[in-house]
Amino acid sequence: MRTVLLVAFSLVAAVLLVLASLWSSSPALVAFATAPGLQLWHFSNWLCPPFGERCFLRSEKILAHHLWGALCYTTAWWAIFSGLAVGFQWKKPGRKPNLAN
């Protein structure tokens with residue numbers, strides 16, 4: 001149960017980071033928040049050429065393009081935060097990894 005809560009909290013943290021970067025005037029925060037997701041976005045574009053994100057969303061509208069980017073940014077940070085949270089949970093002395101907790 002604790003692992004599920006950590007993963008849910010990680011999703012909330014990822015969404016908040018992406019939203020903060022959208023309304024931030026700091027180019028450093030925007031670059032930091034988009035870096036991992038940008039790699040995922042480029043990978044998805046490489047995955048099904050020549051359409052890129054249109055392959056997944058079946059749309060050429062700019063809104064769909066931006067939504068796909070936001071989804072990639074959020075997914076990348078969610079994976080990073082979840083990995084860190086679950087990894088630190090397992091690092092407690094005398095505790096073995098157990099996904100049932």
Side-chain angles (χ1 to χ4, degrees):
M1 183 64 178
R2 181 180 288 169
T3 303
V4 173
L5 289 174
L6 286 173
V7 170
F9 179 73
S10 298
L11 177 61
V12 171
V15 169
L16 289 176
L17 177 66
V18 171
L19 288 177
S21 73
L22 287 175
W23 282 284
S24 172
S25 61
S26 168
L29 178 62
V30 173
F32 174 76
T34 58
L38 197 57
Q39 299 306 317
L40 185 62
W41 196 359
H42 289 308
F43 177 71
S44 71
N45 288 343
W46 171 82
L47 203 56
C48 55
F51 302 110
E53 66 275 348
R54 289 177 292 176
C55 176
F56 297 99
L57 297 175
R58 302 283 185 221
S59 176
E60 294 186 21
K61 295 185 178 185
I62 196 70
L63 179 62
H65 182 75
H66 289 301
L67 286 176
W68 182 248
L71 184 65
C72 287
Y73 302 147
T74 304
T75 303
W77 278 109
W78 185 26
I80 291 169
F81 289 152
S82 295
L84 288 173
V86 172
F88 282 125
Q89 176 191 2
W90 288 348
K91 284 290 191 183
K92 291 182 180 176
R95 185 156 186 203
K96 295 184 181 179
N98 183 2
L99 289 176
N101 280 341

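All values derive from a computational prediction rather than experimental measurement. Along the sequence shown, residues are numbered consecutively beginning with 1.
In the hydrophobic cluster analysis, where Ile, Leu, Val, Met, Phe, Trp and Tyr join through side-chain heavy atoms closer than 4.5 angstrom, I80 is grouped together with L17.
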Contacts under 3.5 angstrom, residues 6-16 side chains, donor-acceptor by atom type, not counting sequence neighbours:
{"residue": "S10", "atom": "OG", "partner": "L6", "partner atom": "O", "Å": "2.8"}
{"residue": "S10", "atom": "OG", "partner": "F81", "partner atom": "O", "Å": "3.4"}
{"residue": "S10", "atom": "OG", "partner": "S82", "partner atom": "N", "Å": "3.4"}

Solution key, residues 26-39 side-chain donor-acceptor pairs under 3.5 Å, sequence neighbours excluded:
{"residue": "S26", "atom": "OG", "partner": "A28", "partner atom": "N", "Å": "3.4"}
{"residue": "S26", "atom": "OG", "partner": "L29", "partner atom": "N", "Å": "3.3"}
{"residue": "T34", "atom": "OG1", "partner": "V30", "partner atom": "O", "Å": "2.8"}

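Y73 contributes atom OH, which lies 13.5 Å from atom CG of L19 (distance to the nearest 0.5 angstrom).
Although no hydrogens or angles enter the test, the distance criterion places no donor-acceptor pair under 3.5 Å between the side chain of T74 and the main chain of L71.
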